[in-house]
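Order of the sequence lines fixes the chain letters, A, B, ..., with proteins taken first and strands second; residue numbering starts at 1 for each chain.
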Amino acid sequence: MGAPLAAFRQSLASAVASRQGLSEETAHALAGQIREPEAGRGDLALPCFQLAKSLGLPPPAAAQKIAESLKDHPDFAQVEAAGPYVNVTLATALLVDAVVPAARVPGFGGSDSGAGKTVVIDFSSPNIAKPLAFHHIRSTVIGAALGRIHRALGWKVVGINYLGDWGKQFGLLATGFQRYGDPQKRADAKHLVEVYVKANAEADVDKVKATLEAPKLAAELLAQVTAAQAALAAASGDEKKKAEKSLKSLEKKLRVQRGIGEEADVLAGADAWLAELEAKRAAAELARPSIEARDQEARMFLKRLEEGEATALAEWKEFRETSIREFERIYAKMGIEFTSLEGESRYTNVLEATVDKVRQKPGTAIDQGAEIVKLEGQKKGEPPPMVKTKDGTTLYLTRDIAAAMDRYERFHFDKSLYVVAADQSLHFSQLFAVLKAMGHEWAEKCTHVAFGRVHGMSTRRGSVVFLDEVLEESVSKAREICVQSDRIDAANLDEAVEAIGVGAVVFGDLKNLRGSDYTFKWEEVLKFDGHTAPYVQFAHARACSILQKGGGVPAAVELRHLVLPEERAVLMALARYPEALERAASELEPSLVTRAILDVAQTTASWLTAGNQDRSRRVLVEGDEALKGARLALIDAVRNTLQHGLGLLGVRAPRAM
RNA sequence: GCGGGUGUAGCUCAGUUGGAUAGAGCGUUGGCCUCCGAAGCCAAAGGCCGCUGGUUCGACUCCAGCCACUCGCGCCA
C-alpha cells in the first residue's frame, strides 16, 4: 500500500539528484528535508540551503537552477523557485492515482511494518477497591489506541489490564467492610467504593503525622519570615536583592499554607492560626491510636493474604470479582478490549523467588528494617528501590519486577509499554534500572508511556468525578441534539447517540499530546463544537449521505478530473494519513492520528461547503458524469479514511447523525 | 534542597525534529442555509513564542543561566 507522501518526497529528491548529478545517498538525505510549503504555493517545498553549498551557489540561485532543471519533469505540474525554496506542484495524475485508490481500500494507512513483532501494552490497570474515576480514561484510551495503531501496522498486540488487586489498599477495603459494610451489598461496586473511601480516611496515618507536626512547622516558618524581614531591613547592595528574594519565597510558602491571598499581610492573625493548628494537633493526638490501629489492621490483612490464609483469600476473591464486573461494564461502553485481564495477584507465589533473584544479582541490603536493592551509580538523594517493607510484605516494585520477567518469558516482546501517569516516572526508572542490573538486556525494550495529570479532581476535596458519570452525561447531551435531527431514523438513534456521546469524551482526551496535563471541566469534556469527535463524525456522515445520493462510486473513474484547490487539499490530507500512523506508533503518540483525521475532516468540510454556493463544485455535479464519478471516488476515500482513523481511536462512525 | 515536566493569541492547545510571513479550536466581530447535511463554511481582530546570553547563513526549536508553575523524592499504588 505504501505511504503516498513519502513516495512523493522520494520522487522529488531523486529527480533533483539525478538532474544535478548527485548520489542516491544525498537524494535520500534530501527527501528528509522536503516539507510542505506555505498555503497556495504547491504541494512540496525543498529548502536549498544545503544544496546551495554543494552546488557552490547562493541559495536563491541554487533554487533557480534546480527549478529550471525540473520544469519539464512529468511528475510535476509546476515548479517554482521562491527565494531559497523550490516549490513543487505535483502532477494531478500522480497525486490522484497514488492517493485515491489506496485510500478507498479498507485499512488504508495500515502497513506490515510491524510484521513478526510483538508489543505488550499494560494499560488502564485500575486498582480494585478504588472507583474508576475520570482520570482513568487517560491510560485506558491511550493504551487502547496504541494497541489498535500497532495492530494496524502489523504488530502482534498483547493488551494487558494489570489490575492493582494486591496491596494494602485491599486490606483497607476488607477491614473497612467488617466495620461499615452492608452485608447485603457485598456485590455492589458503588457500595465498596464508599466503604473504601471511608476506611481510607480513617486509616490516613500520613495526614495524622502532618497534623501533629503542623504547629511546629508553622511556628518555624513564621520565625523564618520574621527573621527574613529583619535581614532585609539590615541589608544593602547585593545583599538586599538576595534578602528580598528569600523573603518573597518564604512569604509565598506561608500564604499557601494559611490559604490567604496576595494582598493580605502574611503575619496578621498568625496567633489565631497557630492556635487553630494547635487545636487540630490535639484532636489528632487523640485520634492517633485508633488511626494507627486501623492502618496496622489493613497491613495485617495484606500479611494474611500473602501467607495464603483461606478466609482472607475468599474475601479478596469476592470483592475483586465485584470490582471487575463494574470495570467491564464501563469498558464495554467504550469498546475497550484486553488480551488479558490479570493483576498483581498473579505473582503472589513467585515474589519470594523474585526477591531471591534480586538478592543474587545485583544484591540487596537491609536498611531501617526494609530491604533495598543495591544499585551502582545511584545519585545521592535518590531513593533506593525497595523490594520488601519492614513488615516483610512486598511492594508495587517487587510485583512489577516479577511481572516484567513473566511478560518477557511469555511474549518475547519487541516493545513493552507501560501506559501510566507521569507521576510514576521514578517508579519506572527504578523498575527498568533494577531489571537491567539483574542482567536482563530486554529492559531496554520497556518504555514508560507517561501521560499528564487531569487536574481539578481530588479525593480529599470530594471533587472526584466518575468516568461513568461523564460518559452518561455526554451521551445524554448527544441524545438531546440527535432527537432534533431529521436525518436519523429511530432504529439507529440509540447507536448514534452512544457513538457521539462516548466518542466526544474519548476523542477529547486523545486530541492532546499525551504528555500534557489538563484540567477537568465539564464544559470542556462535553464540547461538541469545533474540532471534536462529532465534527469528524459529521464529515463522515455527510460523506456517507452524498455517496448514497450519488448511487455509489462508478466502476470506472477518471481521477484526473480532480483539480479543484479544495480537492487537492483533501488529497494531501489523505496522503499524510499513513505517515501519521507510523509516527503515532513510533512516538507512542495517538494524538497524531487524531490530528490527521481532523485534517481530513476539515479539508472535506471546506470542499463540500464550497459546493453549497457553487453548484459546479458539488460532488453530485449535474451534466458531467465523469467529473461526478471522480468526486464520488474521492468522497469515498474520505469516508473510508475517517472511519478507519476514528476506529483506531476507539470512536464509532455513524452513517447518519 | 535534589530530580522530572511545563511555559506559544483572552482561554485550550499544535508547531513536521534548525528553515519562508509562528498555526488551529473556543470566545469576540462581520458575512453564508430557495439546503449534495449550519454539530458546518468564509472573513476580521488578537503574538517581545517566560527572561537573558550563546551556537548558526538562519532559533519557538539546540546549549547555558535565571524566573514562574507543577509533579516526584523510603516502607501506598
Side-chain angles (χ1 to χ4, degrees), chain A residues 32-33 35-38 41 45 47-49 52-53 58-59 82-85 87 125 127 130 164 166-169 172 200 206 245 299 344 367-372 379-386 388-391 393 395-397 399-400 420-427 429 450 452-453 455 478 481-482 485-487 500 511-513 515-519 521 523-524 527-532 534-535 537-539 541-550 576 579-580 583 591-592 595 598-599 602 605-613 615 617-622 631 635 656-657:
Chain A
Q33 291 172 27
R35 56 201 60 245
E36 282 174 53
E38 294 179 327
R41 293 191 186 230
C48 298
F49 301 95
K53 269 184 196 160
Y85 291 84
N87 293 321
S125 307
N127 284 322
K130 291 190 190 173
W166 204 253
K168 197 183 101 181
Q169 89 275 14
L172 281 169
N200 189 39
D206 290 337
K245 213 177 110 183
R299 290 162 171 283
E344 297 181 40
D367 194 281
Q368 298 170 38
E371 188 161 3
I372 62 172
K379 293 183 188 121
K380 61 174 177 214
E382 222 176 306
M386 186 182 299
K388 280 211 164 185
T389 69
K390 64 185 176 198
D391 299 330
T393 57
L395 287 137
Y396 184 28
L397 181 65
R399 285 163 244 152
D400 266 5
V420 179
D423 313 3
Q424 297 189 37
S425 302
L426 179 62
H427 167 75
S429 64
R453 281 167 53 89
H455 290 110
I481 298 169
C482 282
S485 165
D486 52 354
R487 302 272 180 181
I500 294 162
K511 201 173 97 178
N512 295 320
L513 287 174
S516 44
D517 292 7
Y518 64 89
T519 301
K521 285 189 195 122
E523 62 270 29
E524 284 291 327
K527 196 153 266 183
F528 286 17
D529 300 326
H531 286 176
T532 60
Y535 179 87
Q537 288 167 323
F538 181 68
R542 273 177 98 174
C544 289
S545 155
I546 289 173
L547 275 163
Q548 198 180 5
K549 272 189 190 152
R576 283 190 287 267
E579 210 165 86
R583 276 189 60 203
S591 67
L592 294 172
R595 291 175 192 278
L598 271 170
D599 217 17
Q602 193 182 22
S606 294
W607 172 40
L608 297 182
T609 307
N612 283 350
Q613 263 75 28
R615 301 182 85 87
R617 288 198 276 176
R618 293 187 183 183
V619 174
L620 305 179
V621 60
E622 291 114 9
R631 287 179 178 170
I635 201 75
M657 58 190 281

Open item on the list: Distance check needed: B:G37 C1' versus A:Met657 CE, whole Å only.
Closed with: 10 Å

Task: Under the 3.5 Å Watson-Crick or G-U criterion, the dot-bracket string of RNA chain B, with | for inter-strand pairs - done: (((((((..((((.....[...)))).(((((.......))))).....(((((..]....))))))))))))....

Open item on the list: I'd like the C1' distance from B:G7 over to B:C49, given in whole Å.
Closed with: 10 Å

Between protein and nucleotides 20-22 of chain B, what N or O pairs are separated by less than 3.5 Å?
{"unit_1": "B:A20", "atom_1": "O2'", "unit_2": "A:Glu38", "atom_2": "OE2", "d": "2.4"}
{"unit_1": "B:A20", "atom_1": "N6", "unit_2": "A:Asn87", "atom_2": "OD1", "d": "2.7"}
{"unit_1": "B:A20", "atom_1": "N1", "unit_2": "A:Asn87", "atom_2": "OD1", "d": "3.4"}
{"unit_1": "B:A20", "atom_1": "N1", "unit_2": "A:Asn87", "atom_2": "ND2", "d": "3.0"}

- [ ] Mark yes or no for whether A:Lys130, through its side chain, and A:Gly164, through its backbone, hold a donor-acceptor pair below 3.5 Å.
- [x] no

Open item on the list: Does B:G37 have OP1 or OP2 under 4.0 Å away from a side-chain N or O of A:Ser545?
Closed with: yes

- [ ] Would you mind classifying the nucleic acid contact of A:Cys482 as base, sugar-phosphate or nothing, using non-hydrogen atoms under 4.0 angstrom?
- [x] base

Open item on the list: Heavy atoms only, 4.0 Å cut-off, all strands: where does A:Leu608 land among base, sugar-phosphate and nothing?
Closed with: base

N/O contacts under 3.5 Å, protein versus nucleotides 57-60 of chain B?
none

TODO: Select base, sugar-phosphate, or nothing to describe what A:Ser425 touches, counting heavy atoms under 4.0 Å on all strands.
DONE: nothing

- [ ] Respond yes when some side-chain nitrogen or oxygen of A:Tyr535 is under 4.0 Å from OP1 or OP2 of B:C41, and no when none is.
- [x] yes

Task: Gap in Å between the two C1' atoms, one belonging to B:C67 and one to B:C76, rounded - done: 34 Å

Might you list the N or O atoms of the protein lying below 3.5 Å from N or O atoms in nucleotides 31-35 of chain B, with each pair's distance?
{"unit_1": "B:C32", "atom_1": "O2'", "unit_2": "A:Gln613", "atom_2": "NE2", "d": "2.5"}

Open item on the list: Using a 3.5 Å distance criterion without hydrogens, assess whether the side chain of A:Arg41 forms a donor-acceptor pair with backbone atoms of A:Ala82.
Closed with: no

TODO: Flag the pair A:Lys511 / A:Leu598 as yes when at least one side-chain heavy-atom distance between them is below 4.5 Å, and no otherwise.
DONE: yes

Task: Any A:Lys549 side-chain N or O less than 4.0 Å from OP1/OP2 of B:G37 - done: yes

Task: Those residues that, when tested against A:Arg453, pass side-chain contact (heavy atoms from CB on, under 4.5 Å) (two or more places apart) - done: A:Asp423, A:His455, A:Asp517

Task: Touch class at under 4.0 angstrom, heavy-atom based, for A:Ala541 against every strand present - done: base

Open item on the list: Could you tell me how far B:C32 sits from B:G23 if I compare only their P atoms? Round to whole Å.
Closed with: 28 Å

Task: P spacing across the pair B:G4 / B:A9, given as an integer number of angstrom - done: 26 Å

Open item on the list: Nearest 0.5 angstrom please: A:Asp529 CG to A:Phe538 CZ, how far?
Closed with: 11.5 Å

Open item on the list: Work out how far the C1' atom of B:A22 is from that of B:G31, and round it to whole angstrom.
Closed with: 27 Å

TODO: Measure the distance from CG on A:Asp599 to C1' on B:G25 and round it to the nearest whole Å.
DONE: 13 Å

Task: Rounded distance (Å) that lies between atom C1' of B:A38 and atom CZ of A:Phe538 - done: 7 Å

Open item on the list: I want to check one thing: is the phosphate of B:G5, taken as OP1 and OP2, less than 4.0 Å away from some side-chain N or O of A:Ser516?
Closed with: no

- [ ] Would you mind telling me which residue lines up with the more 5' stretch of RNA chain B, A:Asp529 or A:His427, judged by nearest nucleotide?
- [x] A:Asp529

- [ ] For A:Arg617 and B:C41, give me the distance from atom CZ to atom P, rounded to whole Å.
- [x] 15 Å

Task: B:G50 and B:A68, which share atom name C1', separated by this distance in whole Å - done: 7 Å

Open item on the list: What's the gap between B:A44 and B:A24 when it is taken at their P atoms, as a whole Å value?
Closed with: 10 Å

Open item on the list: Strictly under 4.0 angstrom, non-hydrogen atoms only: write out the protein contact profile of nucleotides 70-76 of chain B, one letter per nucleotide from the 5' end, B, S or -.
Closed with: -SSSBBS

Open item on the list: Within the 4.0 Å heavy-atom criterion, would you say A:Ala450 contacts the bases, only the backbone, or no part of the nucleic acid?
Closed with: nothing

Open item on the list: Determine whether a donor-acceptor pair (N or O, by modelled atom type, separation under 3.5 Å) exists between the side chain of A:Arg35 and the backbone of A:Gln33.
Closed with: yes

Open item on the list: Using side chain to side chain contact (heavy atoms under 4.5 Å, CB included), reason through A:Lys168 and A:Arg299 one step at a time and then give a plain yes or no.
Closed with: CA-CA 6 Å; A:Lys168 197 183 101 181; A:Arg299 290 162 171 283; 4.0 Å; yes

Open item on the list: Apply the syn/anti split at 90° from 0 to B:C33 and say which one it is.
Closed with: syn

Task: Nearest-Å distance once atom C1' is located in both B:G27 and B:C11 - done: 8 Å

Open item on the list: From CD of A:Glu524 over to C1' of B:G25, roughly how many Å is that when rounded to an integer?
Closed with: 10 Å

